[in-house]
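Residue numbers start from 1 in every chain, and the chains themselves are labelled A, B, ... in the order their sequence lines are given, proteins ahead of strands. Computed from a predicted structure; not experimentally measured.
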Number of protein chains: 2
Amino acid sequence: MTFQAAGSLLFSPFPLRGLLLPNRVVLPAMVTRLSGEDGLVNADIRDRYLRHARGEPGLMVLEAMGVHHAKSGPLLRASDDRFVPGLRELARAVHDSSPTKVAAQIIHFLKISRSGWRQRIQDLPREEIPRIVEDYGAAAARIRDAGFDAVELHMAHAYTLSSFLSRRNDRHDAFGGRSIENRLRAPSMVLRRVRERVGPDFPVGVRFDGEEAIKDGYSVADAALMAVRFAQLGADYLSISAGGKFEDAIHHPGEPLYPYTGYSGDRCMPSAGYPDGLNVYLAEGIRGALRERGLATPVVATGKIRTPELAESVLRSGRADLVGMARQLLADPDWPKKVREGRSATIVPCVYNNVCKALDERFHRVRCTLWRRMDLHAPEPPQDATAPVWPEGAALGADEHDGRVRLEWTPAVDAHGVYGYMVLRAEGSGPFLHVDSARGVAHRYEDASALGGIAYRYQVVAYDMAGNRSPPLGPASVTLGPFDG
Amino acid sequence: MTFQAAGSLLFSPFPLRGLLLPNRVVLPAMVTRLSGEDGLVNADIRDRYLRHARGEPGLMVLEAMGVHHAKSGPLLRASDDRFVPGLRELARAVHDSSPTKVAAQIIHFLKISRSGWRQRIQDLPREEIPRIVEDYGAAAARIRDAGFDAVELHMAHAYTLSSFLSRRNDRHDAFGGRSIENRLRAPSMVLRRVRERVGPDFPVGVRFDGEEAIKDGYSVADAALMAVRFAQLGADYLSISAGGKFEDAIHHPGEPLYPYTGYSGDRCMPSAGYPDGLNVYLAEGIRGALRERGLATPVVATGKIRTPELAESVLRSGRADLVGMARQLLADPDWPKKVREGRSATIVPCVYNNVCKALDERFHRVRCTLWRRMDLHAPEPPQDATAPVWPEGAALGADEHDGRVRLEWTPAVDAHGVYGYMVLRAEGSGPFLHVDSARGVAHRYEDASALGGIAYRYQVVAYDMAGNRSPPLGPASVTLGPFDG
């Protein structure tokens with residue numbers, strides 16, 4: 001069951017306008033809330049990205065940095081030359097320690113307030129648009145000066161350029177929603193200006209939504225046209241996200257609107273109940289539209305892609321050229337390295353319970369629920385080839401409680417400490433599949449997705465920080481009573 | 001380009017518990033608002049469904065009929081024996097005039113008021129559940145008595161059984177949202193009771209959402225488990241819808257909440273901007289989960305499937321067993337017959353502008369925007385083999401206006417009258433593709449999805465009521481100025 005990296009597309013180098021990515025795994029920009037209000041690179045930011053770099057993804061995109069000066073809590077900035085030294089130091093440290101190429105995402109957003117009010121795209125005075133275009137160009141030039149390998153323009157989710165692209169853009173001028181050409185005007189100006197400022201040889205990517213996932217929003221038919229425009233203007237890659245909009249966000253009194261609280265937020269960061277790779281069809285539709293027109297711009301698919309098998313199949317089937325994974329690389333930054341080295345059996349799988357998203361929503365520093373409590377980074381795997389073991393007489397118990405299966409087990413033992421437990425489930429005589437994980441301190445689990453009348457068998461596997469896995473404990477069998485009303 | 005029905009799966013008969021569907025095209029239940037407040041079959045209802053039957057889909061599902069007595073405007077009823085004679089007459093008329101098999105969908109819904117208030121599933125007293133179960137059973141028995149070929153249980157969208165299934169089910173009892181088993185309890189009781197009432201040999205289908213498409217709603221992981229349960233309880237087919245929920249509906253003051261006004265409504269009846277077949281992955285995931293468990297229950301895929309080529313490919317690739325199309329069969333009820341007879345080139349294609357949906361939302365009788373103005377039914381194709389022609393000197397003009405392309409053309413001429421115009425567009429030297437249609441009285445069209453800098457060519461094709469098509473008029477060429485800011 002170990003993924004064979006040799007001969008895979010996933011671990012073939014990928015050329016990107018003069019840049020050679022060592023593999024086709026992309027870490028998309030992910031909010032961390034680790035920076036200070038000053039917008040400067042600090043130790044936590046540095047540690048987070050150097051940790052990611054040690055896992056050796058092909059391309060790592062640093063979290064969105066403001067191109068303008070609006071106040072916005074902890075947010076990296078590229079809005080002034082004084083931010084360059086810190087960024088340069090970070091880019092150099094990545095290059096010194098890893099083959100990973102490093103891009104920075106740059107962002108502009110409109111104003112929001114704690115009252116729930118937000119500036120809409122139709123409220124943006126037309127005379128401010130040239131300023132935004134210039135700010136993007138200047139920020140991109142700083143990213144290049146700072147020694148990054150590429151710059152990525154944030155045109156996705158709830159931010160200014162995405163709001164221009166939106167079908168909900170209700171402006172009545174030449175930047176308005178009455179035609180796709182008008183909706184594309186400001187983003188096109190930005191991309192052209194960025195290209196002018198960074199020169200012809202510096203990779204420029206665009207991240208945008210393949211579908212807004214809001215009422216009356218756009219889907220892949222419009223996104224394909226946007227991709228054509230970006231390709232014509234010389235974008236070097238297109239990274240496809242979904243949703244993350246203000247229009248369906250839920251307002252919590254006294255807090256600014258958070259654009260990932262509605263269904264569009266669920267589609268942006270799909271949780272466990274969604275199928276793997278659910279947004280790949282967006283990248284596929286966009287890539288097909290480009291190729292039909294003879295445009296070769298690479299497309300990055302993202303959205304709940306967690307296994308090397310799925311990632312490889314997305315590439316092999318021509319649905320995308322690169323594969324992005326954010327939450328899986330948060331859970332286990334060593335994913336690329338482990339897969340390349342034939343250690344895919346030691347990946348710590350993301351469980352998609354979106355604790356990371358909930359932390360962001362509450363303006364807390366973003367962590368993974370599988371990390372050790374309070375840690376700000378994924379653990380550093382120790383030199384350790386010894387898997388956790390079960391003590392003599394260890395047992396796994398399973399019983400029914402209010403329609404759910406309740407598991408309880410004896411803690412495992414490991415010299416370096418048990419990092420977590422994987423819960424596996426089989427139906428009847430079928431195979432055991434990973435259904436969820438629990439942190440090492442937990443010895444209990446509840447399964448709310450068991451059907452009555454089916455004989456389930458459960459196992460629990462303990463793993464340590466190097467990803468070494470114990471033999472399975474169990475199985476424990478349980479059959480919920482059939483419904484009877 | 002004509003679809004070959006001979007040898008296709010689409011036009012192979014399909015066995016359904018003793019029933020033999022003549023083909024694999026399903027007309028899903030679609031609201032008409034044609035019935036009166038009395039709940040009885042009237043002339044408009046009869047005419048609508050006999051019109052559909054003349055098109056010869058394999059299975060036709062009549063619009064949802066109430067199993068209970070709540071007031072709800074124009075809605076067919078199966079809640080009392082006095083509704084049986086009208087239903088019997090309609091079923092017999094279908095059988096007398098068409099090989100189409102006919103099912104009736106039965107529904108229970110909770111209370112809503114013009115204030116925007118709605119009864120939530122957690123507000124439903126537990127002691128009322130057995131009554132709902134009995135009402136479903138009794139209504140199903142009446143459907144059988146009335147001579148229908150099958151009964152379909154409405155467990156989709158915003159209605160009672162779907163609200164039990166929902167991840168947003170917030171009940172705290174054994175019918176509550178804390179486990180999938182609890183969420184399935186009432187729908188399972190209904191299905192079992194219906195089976196008891198109709199006997200072992202009468203086909204029972206279930207229509208339910210493969211994804212709720214609302215924040216914190218369920219997706220295909222849960223839907224697959226629901227499918228397993230329904231299959232175990234002997235459902236004869238599962239018809240997969242999406243969305244259509246109250247949770248994201250928009251309240252218009254003074255009107256009861258309409259559950260298709262949010263994004264979940266867009267996903268239920270996807271408009272032109274969405275890709276064709278966008279919800280097929282739900283049927284595919286559910287069917288795969290069934291087959292893995294050795295369950296052979298047929299699955300119906302629906303959602304913007306309009307061409308015989310796509311329908312056939314969905315069947316061939318094993319993503320579904322039957323293909324449903326609602327709006328395409330509203331636009332052209334003769335679709336199945338035309339395709340079977342090698343006349344797919346005369347199909348009137350649905351343009352997915354959702355005028356039908358808007359009419360329903362405003363409580364008007366549901367019509368198709370492509371039909372002749374004020375008609376309550378698709379026109380009866382006359383015996384007519386003569387296509388419309390363009391008069392001497394006819395011309396198609398194209399110019400730019402505010403980022404859009406404006407087309408204008410000379411009206412075509414037809415002995416029986418021009419029914420409509422299809423607008424085709426090509427990029428550069430590429431193929432002409434149908435982008436939209438206009439009714440026969442219109443001679444103008446605006447294209448808001450043209451990109452600047454691309455040379456477009458347009459054609460217009462006139463068609464008559466038999467679907468005969470004129471030669472293309474044009475091309476008219478236009479290139480929007482490139483954006484320049």
Next on the checklist: Looking at B:Arg229 and A:Gly452, would you say the former's side chain and the latter's main chain have a donor-acceptor pair under 3.5 Å?
Outcome noted: yes

Checklist entry - Is the side chain of B:Glu181 donor-acceptor paired with the backbone N or O of A:Gly403 at a distance under 3.5 Å, no angle test? => result no

Given a strict heavy-atom distance threshold of 4.5 Å, which part of [X] is in contact with chain B: side chain, backbone, both, or neither?
X: A:Leu233; answer: side chain
X: A:Ile214; answer: backbone
X: A:Ile454; answer: side chain
X: A:Glu211; answer: side chain
X: A:Ala213; answer: both
X: A:Glu427; answer: side chain
X: A:Asp216; answer: both

Picking from [options], which has the most non-hydrogen pairs under 4.5 angstrom with chain B?
options: A:Asn182, A:Asp447, A:Leu480, A:Val228; result: A:Asn182
options: A:Ala221, A:Ser188, A:Pro130, A:Gly453; result: A:Ser188
options: A:Ile250, A:Leu184, A:Asp222, A:Asp402; result: A:Asp402

Tell me, side chain or backbone of [X] under 4.5 Å from chain A's heavy atoms, or both, or neither?
X: B:Tyr274; value: both
X: B:Gln232; value: side chain
X: B:Leu278; value: neither

Checklist outcome for this item: Rounding to 0.5 Å, atoms CG (A:Leu451) and CZ (B:Arg293) come to a distance of 8.0 Å

Item to check | From A:Ser271 atom OG to B:Arg167 atom CZ, the distance as rounded to the nearest 0.5 Å | outcome: 6.5 Å

Checklist entry - So with a 6.0 Å cut-off around CZ of A:Arg291, is the heavy-atom count from everything else above 12? => result yes

Next on the checklist: Counting only heavy atoms from other residues, nucleotides and ligands, does the tally under 6.0 Å from CZ of B:Arg178 exceed 12?
Outcome noted: no

Checklist entry - Which residues in residues 257-265 of chain A have a heavy atom less than 4.5 Å from any heavy atom of chain B? => result A:Thr261, A:Gly262, A:Tyr263

Item to check | When B:Arg267, B:Glu292, B:Arg183, B:Lys215 are compared by non-hydrogen pairs under 4.5 Å with chain A, the top option | outcome: B:Lys215

Checklist entry - Going through the checks in order, is the side-chain contact (heavy atoms from CB on, under 4.5 Å) test met by B:Asp248 and A:Asp248? => result CA-CA 8 Å; B:Asp248 67 347; A:Asp248 67 347; over 6 Å; no

